[in-house]
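Just so we're on the same page: letters track the sequence lines, and every chain starts at 1. Everything numeric here is computed off the predicted structure, so don't read it as measured data.
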There are 2 protein chains.
Amino acid sequence: MPRNRRPASVSGGWDGCARGTFAPEAEGLKLVWPHSARPWKGIAVISRDLDTPKAGGGETPTLFSFRLLASDGHARRGEIATAHGPVATPAFMAVGTQATVKGLTSEAVRATGSDIVLANTYHLMLRPGAERIAALGGLHRFMHWPQAILTDSGGFQVMSLTELRKVEDKGVTFRSHLDGATVELSPERAIEIQNLLGSDIAMQLDECLELPAPRPELERAMHLSLAWAERSKRAFEAASPQRALFGIVQGGDDLQLRMASARSLVATGFHGYAIGGLAVGEPQEVMLRTVAEVAPVLPADRPRYLMGVGTPEDLVESVARGIDMFDCVLPTRNGRHGLAFTRFGPVNLKNARHAGDPRPLDEASACPAARDYSRAYLHHLVKANEMLGAILLTTVNLSYYQELMAGMRAAIAAGTFADFYASAREGWARGDVLPA
Amino acid sequence: MPRNRRPASVSGGWDGCARGTFAPEAEGLKLVWPHSARPWKGIAVISRDLDTPKAGGGETPTLFSFRLLASDGHARRGEIATAHGPVATPAFMAVGTQATVKGLTSEAVRATGSDIVLANTYHLMLRPGAERIAALGGLHRFMHWPQAILTDSGGFQVMSLTELRKVEDKGVTFRSHLDGATVELSPERAIEIQNLLGSDIAMQLDECLELPAPRPELERAMHLSLAWAERSKRAFEAASPQRALFGIVQGGDDLQLRMASARSLVATGFHGYAIGGLAVGEPQEVMLRTVAEVAPVLPADRPRYLMGVGTPEDLVESVARGIDMFDCVLPTRNGRHGLAFTRFGPVNLKNARHAGDPRPLDEASACPAARDYSRAYLHHLVKANEMLGAILLTTVNLSYYQELMAGMRAAIAAGTFADFYASAREGWARGDVLPA
């Protein structure tokens, strides 16, 4: 059996990587909606994108699907289909918080190799408002991004950005960080907002805790998130099933809670599954162990999304454990602060050693920003606080992240994922040294 | 005689436009270097750009020339040749203060239609330093801009940005706005710096006063600037005559001083002539009257550059009076602050009336940034202080400025400059109104 076709239950040999038990071939590689475990029946399809809205029972159409194309160990090569084009997985989503990936035109984001971006429900509901974006034709048109969009539910930002918040069963009440106005966000409203935005993938509202957190707190938040998941699904079904809704596994660093959360979500049935509440303060090995334990519980025929992760190493380690999708502010935020991600590890352009260096960041890069500008110029732009420094380094970083994802995808398809990872690690370990 | 071939001494019929007396055909349209009036002889050519540096007397090669292609009234259509490509005139130069047009990649600047940009000697001498840029291969390579560059002399910024400055005959001493270090700038050092940067057009060091200013002050500064012009030329001749050096007419709002300054500079002989010290507080009619009086004194076969100007109306009015080149921060700085320049006048995207407006700024524009994004989105970006707002509006504004220049060039060639101006004015007067 060729390496890329072996059942995923055969370990890929990654140290510390838990063994999964799914066998994609046996389950069928093409997702057919509705999910057989919990058919989504009787949904009135209220379509904004389709020409002929339908209503009624039986199988409901969706423009979302996931195909698993190859696997290598637990690492999976797949493709998500959306109404706004395909998304090759493993996929990295650049973060477009306020309907813009900071500093880049949508064309520039696309040129980095992005099939999909993430936008933040919390920010957009407050400004300019979901109803306004809907009236303007939806988020894709608003931000001039014709490819796929995933929106988060707003939960994470409510927890991390607002004060005076009150979490109750019905939802969360908080003060806007913009004007102090009191705002309520329920699972139903989070879905309504995401439907108004018209994202291709919506996320359930969940409660995400910083780690470490006491077990009773983790348990309470996990159960609340599960209840919100059910309500999110009901609200979503009532509106726009031709898009996708993902459930979010919570439970902090407690594996027992994580398992319970994952199994319960799978029983409810979602188009995809996210693992949330990681990369929030815990050590990397805790995160990876959690991923390794949770991923095999999730259905092989649905995409798996590790939220808010991470470093290049995090991405490869998590793909090795069966993750298909990521989002993270690291490449964009660090780019704005003078840090470049390269094949040879991070490069801090603020450092005076670059001031006279005529070499580009990586002359072998496919990214013009990494090839056409000297380190000396990038250093100058960063020191002078010029926008172009942020623009070029954001471009460099997103391009490197997308190059890494493309490299993983090719390696999984070729059955050479372990070799690819070894080679990537070698580059990171070499570091950004001057040639002898 | 076709309209575009008539002598420039025939008035174009512009209200308030002084009548010039030059006749380009008679003087010959092609500039042959050195200028016949004051041959630049015996110059040792120290070449950084050419493969085979030459030395010796006689006529010295230059990669700079100016051809007058057509005129319509006093308005001139020409072409500057530089070692870094041609510059169609009338030309607008985007300001790239710190070796970057704020917010745009060099490709994006080029895409707005720019043949040439301006960089600031003052800023670059302080950071990263002229010697550093020279060691890195010069400013073109440093900022990844293969087209033409004009550098100012640093004088204007020294006067406007620094404290504790002391202006003496030998030069100016000031404190750096970056670290308070004491720095000296002489005419010779200003030329040396610009040679190190490798700009295609260098400017003499001058002293520029804010208006209104007492006549004795204006006279002193004008004479100092003339003395510095002579020294600048001597320093320039000794180093790099294959590039161009422009003299700067000073004299404030005193026409007598202006005439004396212009005549003296012409007697000295420069590759081109700038009118400095305008748009520094005086009414527009004072500026335009000065331009109208000074331009005819300048040789027809050399480009004329009105420094730091201006609004779209300023540009057209000044071209009508014989100006060939402009630079101004208006389109870029205003773009960063939410103001768009359009065919229908300025549009303040901060204004709440745009919040729900799905229309682009100008759907007929050749500029994608003016076409592909709704006013609502631009308003959102500006309100949210997103970099992309500055990027898109800077692009829109530079594109509009370049479109205006291209329109003037075509109209001059066709002998329809007055019609073009009438049509442009009509658009500005219409204003940014909603369609009925």
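- Interface remark: of the candidates A:K102, A:E107, A:K383, A:K102 forms the most heavy-atom pairs closer than 4.5 Å to chain B.
- With a 4.5 angstrom heavy-atom cutoff, A:L139 does not touch chain B via any of its atoms.
- For A:Y373, the part sitting under 4.5 Å from any heavy atom of chain B is the side chain, from C-beta outward, and nothing else.
- One finds no salt bridge joining B:D179 and B:R127 here, because no Lys/Arg side-chain nitrogen approaches an Asp/Glu carboxylate oxygen to under 4.0 Å.
- The distance between the ring centers of B:Y400 and B:F344 does not fall below 6.0 angstrom.
- If you measure heavy-atom distances from B:I133 to chain A, you find no contacts under 4.5 Å at all.
- Between B:F174 and B:Y122, the ring planes are tilted. Angles from 30° to 60° get that label.
- Interface remark: B:R132 contributes side-chain atoms only to the contact with chain A (heavy atom separation under 4.5 Å).
- Checked for salt-bridge contact, A:D362 and A:R343 meet the test: a charged N lies under 4.0 Å from a carboxylate O.
- Interface remark: B:A369 contributes no atoms to any contact with chain A (heavy atom separation under 4.5 Å).
- Looking at B:A384, the atoms closer than 4.5 Å to chain A (heavy atoms on both sides) sit in the backbone and in the side chain alike.
- The main-chain N or O of B:I116 is never found under 3.5 Å from a side-chain atom of B:S114 such that the two would form a donor-acceptor pair.
- Annotation: salt bridge (Lys or Arg N to Asp or Glu O under 4.0 Å) contacts of A:R336 (sequence neighbours excluded): none.
- Neither the backbone nor the side chain of A:A135 comes within less than 4.5 Å of any heavy atom in chain B.
- Heavy-atom distances place the side chain of B:E386, and not its backbone, under 4.5 Å from chain A.
- Of the listed residues B:H144, B:M143, B:H123, the one with more heavy-atom pairs under 4.5 angstrom with chain A than any other is B:H144.
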Please tabulate, one pair per line, all N/O donor-acceptor pairs under 3.5 Å involving side-chain atoms of residues 388-395 of chain A, not counting sequence neighbours.
{"residue": "A:T394", "atom": "OG1", "partner": "A:A390", "partner atom": "O", "Å": "2.6"}
{"residue": "A:T395", "atom": "OG1", "partner": "A:I391", "partner atom": "O", "Å": "2.6"}

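- Looking at A:A108, neither its backbone nor its side chain comes within 4.5 Å of chain B, counting heavy atoms on both sides.
- Contact tally against chain B (heavy-atom pairs below 4.5 Å) for A:P128, A:G129, A:P368: the top residue is A:P128.
- Between B:V329 and the options B:N334, B:V95, B:L118, a side-chain contact (heavy atoms from CB on, under 4.5 Å) holds for only B:V95.
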